[in-house]
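First the structure, in the form of C-alpha coordinates, and then the observations on it.
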Amino acid sequence: MATTNNPIPLPAAFLETTASRLPGLAESLDSESPVSIRLNPFKPGRSMPEGRPVPWAEPGEALYLDSRPLFTADPVFHGGAYYVQEAGSMFIGWLLRRLLPELDTPAPRLLDLCAAPGGKTTHLASIAGPESVVVANEVIRTRAKILAENVQKWGTGNVAVTSDDPAAFGQRLPDYFDLILVDAPCSGEGMFRKDHTARAEWSPDNVQLCAARQRRIVSDVWEALRPGGILIYSTCTFNDAEDEANAQWIADELGGEFLTFDDLPSGIVTGPDGTAPVGWHFYPHRVASEGFYAAVIRKHDAQHRSGGKVKAAKSLVPVSRADLGALTRWLAPESALSRFATGRDGMTYGFSEALHDTVSTLLNGHFTLLYSGVQLGTLIRGELKPEHALALYYAVSRKAIPAADLPEAAALEYLRKGTSTELLPVSTFAPGLNLVTCRDIALGWAKRIGNRYNNLYPAPWRILHY
(Lines give C-alpha, C1' and ligand atoms only; values in the text may rest on other atoms or scores of the structure.)
Protein backbone atom coordinates (compact mmCIF):
# COMPACT_ATOMS: atom_id res chain seq x y z
CA MET A 1 0.00 0.00 0.00
CA ALA A 2 1.45 3.36 -1.02
CA THR A 3 1.99 5.78 1.84
CA THR A 4 1.94 9.55 2.07
CA ASN A 5 4.53 11.77 3.67
CA ASN A 6 2.17 13.33 6.18
CA PRO A 7 4.13 15.77 8.35
CA ILE A 8 1.52 15.70 11.15
CA PRO A 9 1.20 12.44 13.10
CA LEU A 10 -2.17 11.01 14.04
CA PRO A 11 -3.34 12.40 17.40
CA ALA A 12 -2.35 10.17 20.30
CA ALA A 13 -5.82 10.28 21.88
CA PHE A 14 -7.37 9.22 18.56
CA LEU A 15 -4.96 6.26 18.36
CA GLU A 16 -5.78 5.22 21.92
CA THR A 17 -9.55 5.33 21.44
CA THR A 18 -11.12 5.05 18.00
CA ALA A 19 -8.14 3.60 16.11
CA SER A 20 -7.40 1.03 18.79
CA ARG A 21 -10.81 -0.54 18.19
CA LEU A 22 -10.15 -0.82 14.47
CA PRO A 23 -6.93 -2.72 13.65
CA GLY A 24 -5.59 -1.45 10.33
CA LEU A 25 -7.35 1.93 10.43
CA ALA A 26 -4.34 3.96 11.57
CA GLU A 27 -2.12 2.48 8.87
CA SER A 28 -4.72 3.19 6.19
CA LEU A 29 -4.78 6.86 7.17
CA ASP A 30 -1.14 7.17 6.11
CA SER A 31 -1.79 5.62 2.67
CA GLU A 32 -2.67 7.34 -0.61
CA SER A 33 -6.25 8.56 -0.98
CA PRO A 34 -8.31 7.12 -3.83
CA VAL A 35 -9.41 9.56 -6.54
CA SER A 36 -13.04 9.36 -7.65
CA ILE A 37 -15.42 11.29 -9.86
CA ARG A 38 -19.17 11.21 -10.48
CA LEU A 39 -20.42 11.70 -14.03
CA ASN A 40 -23.31 13.98 -14.89
CA PRO A 41 -26.07 11.78 -16.38
CA PHE A 42 -27.66 14.81 -18.04
CA LYS A 43 -24.48 15.73 -19.92
CA PRO A 44 -23.22 12.71 -21.85
CA GLY A 45 -20.20 14.15 -23.66
CA ARG A 46 -17.44 12.45 -25.60
CA SER A 47 -14.15 11.06 -24.27
CA MET A 48 -14.94 11.16 -20.57
CA PRO A 49 -12.28 10.02 -18.06
CA GLU A 50 -11.96 6.27 -17.69
CA GLY A 51 -11.59 4.23 -14.52
CA ARG A 52 -12.95 1.49 -12.26
CA PRO A 53 -16.60 1.62 -11.10
CA VAL A 54 -17.53 2.70 -7.57
CA PRO A 55 -19.40 -0.34 -6.14
CA TRP A 56 -22.29 1.59 -4.53
CA ALA A 57 -22.95 3.72 -7.62
CA GLU A 58 -25.05 2.80 -10.62
CA PRO A 59 -23.22 1.42 -13.68
CA GLY A 60 -21.54 4.31 -15.49
CA GLU A 61 -22.29 6.78 -12.69
CA ALA A 62 -19.00 7.02 -10.80
CA LEU A 63 -15.38 5.98 -11.29
CA TYR A 64 -12.13 5.57 -9.43
CA LEU A 65 -9.23 7.06 -11.39
CA ASP A 66 -5.77 5.50 -11.34
CA SER A 67 -4.16 8.87 -10.56
CA ARG A 68 -5.21 12.43 -9.82
CA PRO A 69 -5.06 14.52 -13.01
CA LEU A 70 -5.07 18.30 -13.12
CA PHE A 71 -8.83 18.64 -13.34
CA THR A 72 -8.68 22.36 -14.15
CA ALA A 73 -6.92 21.40 -17.40
CA ASP A 74 -9.90 19.33 -18.56
CA PRO A 75 -12.37 21.69 -20.28
CA VAL A 76 -15.42 19.50 -19.73
CA PHE A 77 -14.87 19.57 -15.97
CA HIS A 78 -15.73 23.30 -16.13
CA GLY A 79 -18.86 22.46 -18.12
CA GLY A 80 -20.21 20.20 -15.39
CA ALA A 81 -19.59 16.91 -17.17
CA TYR A 82 -18.43 15.37 -13.90
CA TYR A 83 -17.85 16.23 -10.27
CA VAL A 84 -14.74 15.30 -8.29
CA GLN A 85 -16.25 13.70 -5.20
CA GLU A 86 -15.06 11.44 -2.41
CA ALA A 87 -16.41 7.95 -3.09
CA GLY A 88 -17.87 7.31 0.35
CA SER A 89 -20.06 10.40 0.21
CA MET A 90 -21.62 8.99 -2.97
CA PHE A 91 -23.37 6.50 -0.68
CA ILE A 92 -25.98 9.23 -0.22
CA GLY A 93 -27.05 8.51 -3.79
CA TRP A 94 -27.31 4.77 -3.05
CA LEU A 95 -29.57 5.61 -0.12
CA LEU A 96 -31.68 8.12 -2.04
CA ARG A 97 -32.51 5.62 -4.78
CA ARG A 98 -33.97 3.33 -2.10
CA LEU A 99 -35.74 6.13 -0.27
CA LEU A 100 -37.50 7.90 -3.14
CA PRO A 101 -40.29 5.27 -3.36
CA GLU A 102 -40.86 5.81 0.38
CA LEU A 103 -41.54 9.50 -0.23
CA ASP A 104 -44.45 8.67 -2.54
CA THR A 105 -44.52 11.93 -4.48
CA PRO A 106 -43.66 12.71 -8.12
CA ALA A 107 -41.92 15.97 -7.17
CA PRO A 108 -40.19 15.43 -3.82
CA ARG A 109 -38.88 18.42 -1.88
CA LEU A 110 -35.36 17.78 -0.59
CA LEU A 111 -33.21 19.96 1.67
CA ASP A 112 -29.42 19.63 1.75
CA LEU A 113 -28.84 21.65 4.89
CA CYS A 114 -25.02 21.89 5.01
CA ALA A 115 -24.47 21.75 1.28
CA ALA A 116 -21.21 23.45 0.21
CA PRO A 117 -19.34 22.85 -1.98
CA GLY A 118 -22.12 20.91 -3.73
CA GLY A 119 -21.16 17.27 -4.23
CA LYS A 120 -24.17 15.82 -2.44
CA THR A 121 -26.48 18.57 -3.74
CA THR A 122 -25.72 17.78 -7.38
CA HIS A 123 -26.05 14.06 -6.65
CA LEU A 124 -29.48 14.55 -5.07
CA ALA A 125 -30.54 16.78 -7.97
CA SER A 126 -29.51 14.20 -10.56
CA ILE A 127 -31.19 11.21 -8.92
CA ALA A 128 -34.41 12.95 -7.88
CA GLY A 129 -34.72 14.40 -11.40
CA PRO A 130 -35.57 17.79 -12.94
CA GLU A 131 -39.18 17.77 -11.68
CA SER A 132 -37.98 17.53 -8.07
CA VAL A 133 -36.95 20.38 -5.78
CA VAL A 134 -33.59 20.55 -4.01
CA VAL A 135 -32.95 23.40 -1.61
CA ALA A 136 -29.20 23.60 -1.00
CA ASN A 137 -28.28 25.66 2.05
CA GLU A 138 -24.91 26.87 3.27
CA VAL A 139 -24.77 29.29 6.18
CA ILE A 140 -21.25 30.56 5.40
CA ARG A 141 -21.75 33.06 2.58
CA THR A 142 -18.38 32.58 0.83
CA ARG A 143 -18.94 28.84 0.68
CA ALA A 144 -22.53 29.38 -0.45
CA LYS A 145 -21.27 31.30 -3.49
CA ILE A 146 -19.06 28.35 -4.46
CA LEU A 147 -22.10 26.10 -4.00
CA ALA A 148 -24.15 28.30 -6.35
CA GLU A 149 -21.41 28.17 -8.98
CA ASN A 150 -21.24 24.36 -8.85
CA VAL A 151 -25.04 24.12 -9.05
CA GLN A 152 -25.03 26.24 -12.21
CA LYS A 153 -22.28 24.16 -13.79
CA TRP A 154 -24.13 20.93 -13.01
CA GLY A 155 -27.11 22.38 -14.86
CA THR A 156 -30.10 20.31 -13.75
CA GLY A 157 -32.20 23.42 -13.11
CA ASN A 158 -34.01 22.03 -10.05
CA VAL A 159 -31.98 23.61 -7.23
CA ALA A 160 -32.46 26.70 -5.07
CA VAL A 161 -29.37 27.88 -3.15
CA THR A 162 -29.90 29.60 0.20
CA SER A 163 -27.65 30.92 2.94
CA ASP A 164 -29.58 30.79 6.21
CA ASP A 165 -29.26 29.41 9.71
CA PRO A 166 -30.80 25.92 10.13
CA ALA A 167 -33.28 27.32 12.66
CA ALA A 168 -34.85 29.45 9.92
CA PHE A 169 -36.11 26.33 8.15
CA GLY A 170 -37.57 24.80 11.29
CA GLN A 171 -39.27 28.04 12.29
CA ARG A 172 -40.55 29.26 8.92
CA LEU A 173 -41.14 26.05 6.94
CA PRO A 174 -42.81 23.54 9.27
CA ASP A 175 -43.56 20.13 7.74
CA TYR A 176 -42.25 21.32 4.37
CA PHE A 177 -39.60 18.85 3.20
CA ASP A 178 -40.02 15.20 2.29
CA LEU A 179 -36.34 14.46 2.91
CA ILE A 180 -33.59 16.38 4.69
CA LEU A 181 -29.90 15.60 4.41
CA VAL A 182 -27.77 16.86 7.29
CA ASP A 183 -24.15 16.23 6.42
CA ALA A 184 -23.13 17.75 9.70
CA PRO A 185 -19.91 19.68 10.35
CA CYS A 186 -17.72 17.28 12.30
CA SER A 187 -14.29 16.70 13.82
CA GLY A 188 -13.04 15.43 10.47
CA GLU A 189 -11.43 12.14 11.49
CA GLY A 190 -12.43 10.67 8.15
CA MET A 191 -10.32 13.31 6.40
CA PHE A 192 -7.10 12.56 8.33
CA ARG A 193 -5.61 10.93 5.24
CA LYS A 194 -6.05 13.87 2.85
CA ASP A 195 -6.39 16.91 5.11
CA HIS A 196 -3.36 17.55 7.30
CA THR A 197 -5.03 20.40 9.16
CA ALA A 198 -7.79 18.05 10.34
CA ARG A 199 -5.16 16.16 12.36
CA ALA A 200 -3.77 19.34 13.87
CA GLU A 201 -7.20 20.65 14.88
CA TRP A 202 -8.55 17.40 16.35
CA SER A 203 -8.96 16.88 20.08
CA PRO A 204 -11.31 14.92 22.37
CA ASP A 205 -12.83 18.22 23.49
CA ASN A 206 -13.48 19.20 19.88
CA VAL A 207 -15.24 15.89 19.29
CA GLN A 208 -17.66 16.70 22.11
CA LEU A 209 -18.17 20.25 20.84
CA CYS A 210 -18.95 18.90 17.35
CA ALA A 211 -21.36 16.31 18.73
CA ALA A 212 -23.28 18.99 20.63
CA ARG A 213 -23.36 21.28 17.59
CA GLN A 214 -24.65 18.44 15.42
CA ARG A 215 -27.54 17.80 17.81
CA ARG A 216 -28.37 21.50 17.80
CA ILE A 217 -28.36 21.66 13.99
CA VAL A 218 -30.67 18.67 13.64
CA SER A 219 -32.95 19.94 16.41
CA ASP A 220 -33.21 23.32 14.70
CA VAL A 221 -34.24 21.87 11.35
CA TRP A 222 -36.37 18.95 12.56
CA GLU A 223 -39.67 20.84 12.39
CA ALA A 224 -39.12 21.44 8.67
CA LEU A 225 -39.35 17.68 8.01
CA ARG A 226 -42.90 16.53 7.36
CA PRO A 227 -44.40 13.70 9.43
CA GLY A 228 -43.27 10.45 7.87
CA GLY A 229 -40.47 12.29 6.11
CA ILE A 230 -36.90 11.02 6.10
CA LEU A 231 -33.70 12.41 7.59
CA ILE A 232 -30.30 11.30 6.35
CA TYR A 233 -27.71 12.13 9.01
CA SER A 234 -24.07 11.85 7.96
CA THR A 235 -20.56 12.80 9.03
CA CYS A 236 -17.02 12.25 7.83
CA THR A 237 -15.78 10.89 11.13
CA PHE A 238 -15.41 7.56 12.97
CA ASN A 239 -16.23 8.11 16.65
CA ASP A 240 -19.41 6.98 18.35
CA ALA A 241 -20.22 10.39 19.91
CA GLU A 242 -20.71 12.09 16.54
CA ASP A 243 -22.12 9.03 14.79
CA GLU A 244 -24.18 6.26 16.46
CA ALA A 245 -24.79 8.13 19.72
CA ASN A 246 -26.06 11.21 17.92
CA ALA A 247 -28.21 9.19 15.52
CA GLN A 248 -29.76 7.36 18.48
CA TRP A 249 -30.33 10.69 20.25
CA ILE A 250 -32.15 12.06 17.18
CA ALA A 251 -34.47 9.05 17.05
CA ASP A 252 -35.13 8.99 20.79
CA GLU A 253 -35.39 12.69 21.56
CA LEU A 254 -36.89 14.09 18.35
CA GLY A 255 -39.04 11.11 17.44
CA GLY A 256 -38.16 8.72 14.65
CA GLU A 257 -37.35 5.17 13.63
CA PHE A 258 -34.27 3.84 11.86
CA LEU A 259 -34.50 2.44 8.35
CA THR A 260 -32.16 -0.38 7.33
CA PHE A 261 -31.25 -2.12 4.08
CA ASP A 262 -30.15 -5.69 3.44
CA ASP A 263 -28.32 -5.25 0.13
CA LEU A 264 -25.31 -3.28 1.35
CA PRO A 265 -22.27 -3.29 -0.94
CA SER A 266 -19.28 -5.21 0.37
CA GLY A 267 -17.05 -3.40 2.86
CA ILE A 268 -19.72 -1.09 4.30
CA VAL A 269 -20.28 -2.08 7.93
CA THR A 270 -22.28 -1.14 11.03
CA GLY A 271 -19.69 -0.10 13.58
CA PRO A 272 -16.19 -1.46 14.31
CA ASP A 273 -17.31 -5.10 14.68
CA GLY A 274 -20.31 -4.97 12.36
CA THR A 275 -22.89 -5.12 15.15
CA ALA A 276 -23.63 -1.47 15.90
CA PRO A 277 -27.40 -0.90 15.96
CA VAL A 278 -27.64 2.17 13.74
CA GLY A 279 -26.02 3.56 10.60
CA TRP A 280 -23.25 2.52 8.25
CA HIS A 281 -19.51 3.16 8.35
CA PHE A 282 -16.93 3.52 5.61
CA TYR A 283 -13.52 2.63 7.03
CA PRO A 284 -10.55 3.33 4.71
CA HIS A 285 -8.86 0.01 5.55
CA ARG A 286 -11.98 -1.90 4.50
CA VAL A 287 -13.27 0.03 1.50
CA ALA A 288 -11.82 2.44 -1.10
CA SER A 289 -13.05 5.61 0.54
CA GLU A 290 -12.25 8.22 3.13
CA GLY A 291 -14.08 7.93 6.43
CA PHE A 292 -17.85 8.37 6.24
CA TYR A 293 -20.91 7.57 8.33
CA ALA A 294 -24.63 7.73 7.50
CA ALA A 295 -27.89 6.83 9.20
CA VAL A 296 -31.49 7.08 7.96
CA ILE A 297 -34.32 8.05 10.30
CA ARG A 298 -38.01 8.26 9.44
CA LYS A 299 -39.87 10.93 11.41
CA HIS A 300 -42.83 9.62 13.35
CA ASP A 301 -46.20 10.30 11.81
CA ALA A 302 -48.24 13.14 13.27
CA GLN A 303 -50.86 15.57 12.10
CA HIS A 304 -49.54 17.33 9.01
CA ARG A 305 -49.76 21.12 9.07
CA SER A 306 -50.77 22.07 5.55
CA GLY A 307 -49.27 25.26 4.21
CA GLY A 308 -52.23 25.86 1.93
CA LYS A 309 -51.98 27.37 -1.51
CA VAL A 310 -48.65 28.96 -2.33
CA LYS A 311 -48.78 32.69 -2.89
CA ALA A 312 -46.52 33.82 -5.72
CA ALA A 313 -43.73 36.08 -4.51
CA LYS A 314 -44.22 39.72 -5.45
CA SER A 315 -40.59 39.93 -6.54
CA LEU A 316 -41.23 37.35 -9.28
CA VAL A 317 -43.08 38.99 -12.16
CA PRO A 318 -44.50 36.43 -14.63
CA VAL A 319 -43.21 36.73 -18.18
CA SER A 320 -45.85 37.96 -20.62
CA ARG A 321 -47.29 35.63 -23.24
CA ALA A 322 -45.74 37.79 -25.90
CA ASP A 323 -42.27 37.09 -24.49
CA LEU A 324 -42.70 33.37 -23.88
CA GLY A 325 -41.63 32.45 -27.39
CA ALA A 326 -38.39 34.37 -26.97
CA LEU A 327 -37.57 32.12 -24.02
CA THR A 328 -38.84 28.71 -25.06
CA ARG A 329 -36.94 28.75 -28.36
CA TRP A 330 -33.76 28.41 -26.27
CA LEU A 331 -35.02 25.24 -24.57
CA ALA A 332 -34.95 21.65 -25.80
CA PRO A 333 -38.15 19.55 -25.59
CA GLU A 334 -36.85 17.61 -22.56
CA SER A 335 -36.68 20.77 -20.46
CA ALA A 336 -38.70 20.68 -17.23
CA LEU A 337 -39.02 24.47 -17.11
CA SER A 338 -42.64 25.60 -17.33
CA ARG A 339 -42.81 28.81 -15.26
CA PHE A 340 -40.89 31.94 -16.24
CA ALA A 341 -40.52 35.07 -14.19
CA THR A 342 -38.38 38.18 -13.97
CA GLY A 343 -36.83 39.19 -10.67
CA ARG A 344 -36.20 42.63 -9.26
CA ASP A 345 -32.69 42.47 -10.69
CA GLY A 346 -34.18 42.38 -14.21
CA MET A 347 -33.01 38.80 -14.73
CA THR A 348 -35.44 36.25 -16.14
CA TYR A 349 -35.54 32.79 -14.58
CA GLY A 350 -37.02 29.45 -15.54
CA PHE A 351 -38.53 27.01 -13.03
CA SER A 352 -40.45 23.79 -12.93
CA GLU A 353 -43.91 24.16 -11.41
CA ALA A 354 -42.74 22.68 -8.09
CA LEU A 355 -39.58 24.78 -7.91
CA HIS A 356 -41.53 27.97 -8.67
CA ASP A 357 -43.74 27.23 -5.66
CA THR A 358 -40.71 26.57 -3.46
CA VAL A 359 -38.88 29.71 -4.59
CA SER A 360 -41.99 31.77 -3.89
CA THR A 361 -42.22 30.17 -0.46
CA LEU A 362 -38.57 30.96 0.26
CA LEU A 363 -38.91 34.56 -0.87
CA ASN A 364 -42.13 35.07 1.09
CA GLY A 365 -40.38 33.59 4.12
CA HIS A 366 -37.52 36.08 3.77
CA PHE A 367 -34.85 33.45 3.13
CA THR A 368 -31.54 34.53 1.64
CA LEU A 369 -31.86 33.18 -1.89
CA LEU A 370 -28.61 33.25 -3.87
CA TYR A 371 -29.60 31.27 -6.95
CA SER A 372 -32.54 29.22 -8.18
CA GLY A 373 -33.82 27.38 -11.25
CA VAL A 374 -32.08 28.51 -14.42
CA GLN A 375 -30.94 32.08 -14.87
CA LEU A 376 -32.01 32.52 -18.49
CA GLY A 377 -30.96 36.09 -19.25
CA THR A 378 -32.37 39.54 -19.87
CA LEU A 379 -35.35 40.24 -22.11
CA ILE A 380 -34.71 43.27 -24.32
CA ARG A 381 -37.43 44.33 -26.76
CA GLY A 382 -38.77 40.80 -27.09
CA GLU A 383 -35.36 39.13 -27.47
CA LEU A 384 -33.37 37.22 -24.85
CA LYS A 385 -29.80 38.19 -24.09
CA PRO A 386 -28.78 34.82 -22.64
CA GLU A 387 -26.97 34.41 -19.34
CA HIS A 388 -24.05 32.03 -18.82
CA ALA A 389 -26.18 29.65 -16.73
CA LEU A 390 -28.45 29.00 -19.71
CA ALA A 391 -25.48 27.67 -21.69
CA LEU A 392 -24.76 25.21 -18.86
CA TYR A 393 -28.37 24.04 -18.51
CA TYR A 394 -28.68 20.42 -19.63
CA ALA A 395 -31.71 21.21 -21.84
CA VAL A 396 -30.40 24.30 -23.64
CA SER A 397 -31.45 23.94 -27.27
CA ARG A 398 -28.63 23.05 -29.64
CA LYS A 399 -30.84 24.29 -32.48
CA ALA A 400 -31.34 27.84 -31.26
CA ILE A 401 -27.93 29.12 -32.40
CA PRO A 402 -24.72 27.74 -33.94
CA ALA A 403 -22.42 25.64 -31.76
CA ALA A 404 -18.64 25.88 -31.97
CA ASP A 405 -17.04 22.66 -30.70
CA LEU A 406 -13.47 23.50 -29.69
CA PRO A 407 -10.41 21.27 -29.44
CA GLU A 408 -8.67 21.10 -26.05
CA ALA A 409 -6.17 23.93 -26.51
CA ALA A 410 -8.79 26.29 -27.88
CA ALA A 411 -11.23 25.37 -25.12
CA LEU A 412 -8.65 26.15 -22.45
CA GLU A 413 -7.96 29.50 -24.09
CA TYR A 414 -11.68 30.19 -24.02
CA LEU A 415 -11.91 29.21 -20.32
CA ARG A 416 -8.98 31.52 -19.60
CA LYS A 417 -11.18 34.19 -21.16
CA GLY A 418 -8.45 34.67 -23.70
CA THR A 419 -8.74 36.03 -27.22
CA SER A 420 -5.64 34.58 -28.88
CA THR A 421 -6.51 34.30 -32.57
CA GLU A 422 -3.74 31.73 -32.89
CA LEU A 423 -5.30 29.37 -30.34
CA LEU A 424 -8.86 30.50 -30.98
CA PRO A 425 -9.22 31.81 -34.56
CA VAL A 426 -12.12 34.10 -35.45
CA SER A 427 -13.15 31.61 -38.13
CA THR A 428 -14.05 29.15 -35.36
CA PHE A 429 -17.27 31.03 -34.78
CA ALA A 430 -20.27 31.72 -36.98
CA PRO A 431 -21.43 35.36 -37.20
CA GLY A 432 -23.38 36.38 -34.11
CA LEU A 433 -23.81 34.42 -30.91
CA ASN A 434 -22.32 30.92 -30.59
CA LEU A 435 -22.69 28.18 -28.01
CA VAL A 436 -19.12 27.15 -27.16
CA THR A 437 -18.64 23.43 -26.55
CA CYS A 438 -15.84 20.92 -26.09
CA ARG A 439 -16.41 17.21 -26.63
CA ASP A 440 -20.12 18.09 -26.90
CA ILE A 441 -20.21 19.63 -23.39
CA ALA A 442 -21.37 23.26 -23.35
CA LEU A 443 -18.93 25.73 -21.78
CA GLY A 444 -20.55 29.13 -22.44
CA TRP A 445 -21.13 31.77 -25.11
CA ALA A 446 -19.00 33.69 -27.60
CA LYS A 447 -20.14 36.35 -30.05
CA ARG A 448 -18.54 37.01 -33.38
CA ILE A 449 -18.78 40.55 -34.73
CA GLY A 450 -17.23 40.87 -38.16
CA ASN A 451 -13.54 39.99 -37.93
CA ARG A 452 -13.40 39.78 -34.15
CA TYR A 453 -15.23 38.01 -31.35
CA ASN A 454 -16.16 38.62 -27.74
CA ASN A 455 -15.31 35.87 -25.27
CA LEU A 456 -18.34 35.90 -22.94
CA TYR A 457 -17.03 33.47 -20.33
CA PRO A 458 -17.65 34.94 -16.82
CA ALA A 459 -14.53 36.73 -15.59
CA PRO A 460 -14.85 35.46 -11.97
CA TRP A 461 -14.85 31.86 -13.24
CA ARG A 462 -11.91 32.07 -15.64
CA ILE A 463 -9.09 29.59 -15.10
CA LEU A 464 -5.72 31.17 -14.31
CA HIS A 465 -3.36 28.18 -14.59
CA TYR A 466 -3.45 24.99 -16.62
Any Lys/Arg nitrogen of [X] or [Y] sitting under 4.0 Å from an Asp/Glu carboxylate oxygen of the other?
X	Y	result
Asp104	Arg226	no
Arg339	Glu353	yes
Glu149	Lys145	no

Strictly distance-based, threshold 3.5 Å: is any side-chain N or O of [X] a donor or acceptor partner for the main-chain N or O of [Y]?
X	Y	answer
Asn40	Gly80	yes
Ser335	Ala332	no
Glu387	Gln375	no
Gln214	Asn246	no
Asn137	Leu113	yes
Lys43	Val76	no
Asp178	Arg109	yes

Could you check Val374 against Leu392 for side-chain contact (heavy atoms from CB on, under 4.5 Å), going step by step and ending with a plain yes or no?
CA-CA 9 Å; Val374 181; Leu392 300 180; over 6 Å; no
Considering only heavy atoms from C-beta outward, does the side chain of [X] approach that of [Y] to under 4.5 Å?
X	Y	value
Asp195	Glu201	no
Asp263	Arg98	yes
Met90	Gln85	yes
Phe192	Pro284	no

Nearest-0.5 Å distance that lies between atom CD1 in Ile92 and atom CG in Asp183:
6.5 Å
Gap separating the CH2 atom of Trp56 from the CZ atom of Arg97, nearest 0.5 angstrom
14.0 Å
Tyr394-Glu334 side chain donor-acceptor pair, cut-off 3.5 Å:
no
Side chain to side chain contact (heavy atoms under 4.5 Å, CB included) with Ile232: which of Val182, Leu110, Leu179, Ile297?
Leu179
Is there a side-chain contact (heavy atoms from CB on, under 4.5 Å) between Thr358 and Tyr176 once you walk through the steps?
CA-CA 10 Å; Thr358 292; Tyr176 191 78; 2.9 Å; yes
Atom CG of Asp66: over 12 foreign heavy atoms under 6.0 Å:
no
Residue pair Leu25, Phe14: steps toward the side-chain contact (heavy atoms from CB on, under 4.5 Å) verdict:
CA-CA 11 Å; Leu25 175 63; Phe14 171 78; 4.1 Å; yes
Centroid-centroid under 6.0 Å between Phe77 and Tyr82 rings:
yes
Stepwise, does the side-chain contact (heavy atoms from CB on, under 4.5 Å) test hold for Phe367 with Leu173?
CA-CA 10 Å; Phe367 284 84; Leu173 295 180; 3.8 Å; yes
Phe91: what forms a ring pair (Phe, Tyr, Trp, His ring centres under 6.0 Å) with it, not counting sequence neighbours?
Trp94, Trp280, Phe282
Could you label the plane-to-plane angle of the Tyr283 and His285 rings as parallel, tilted or perpendicular, counting under 30° as parallel and over 60° as perpendicular?
tilted
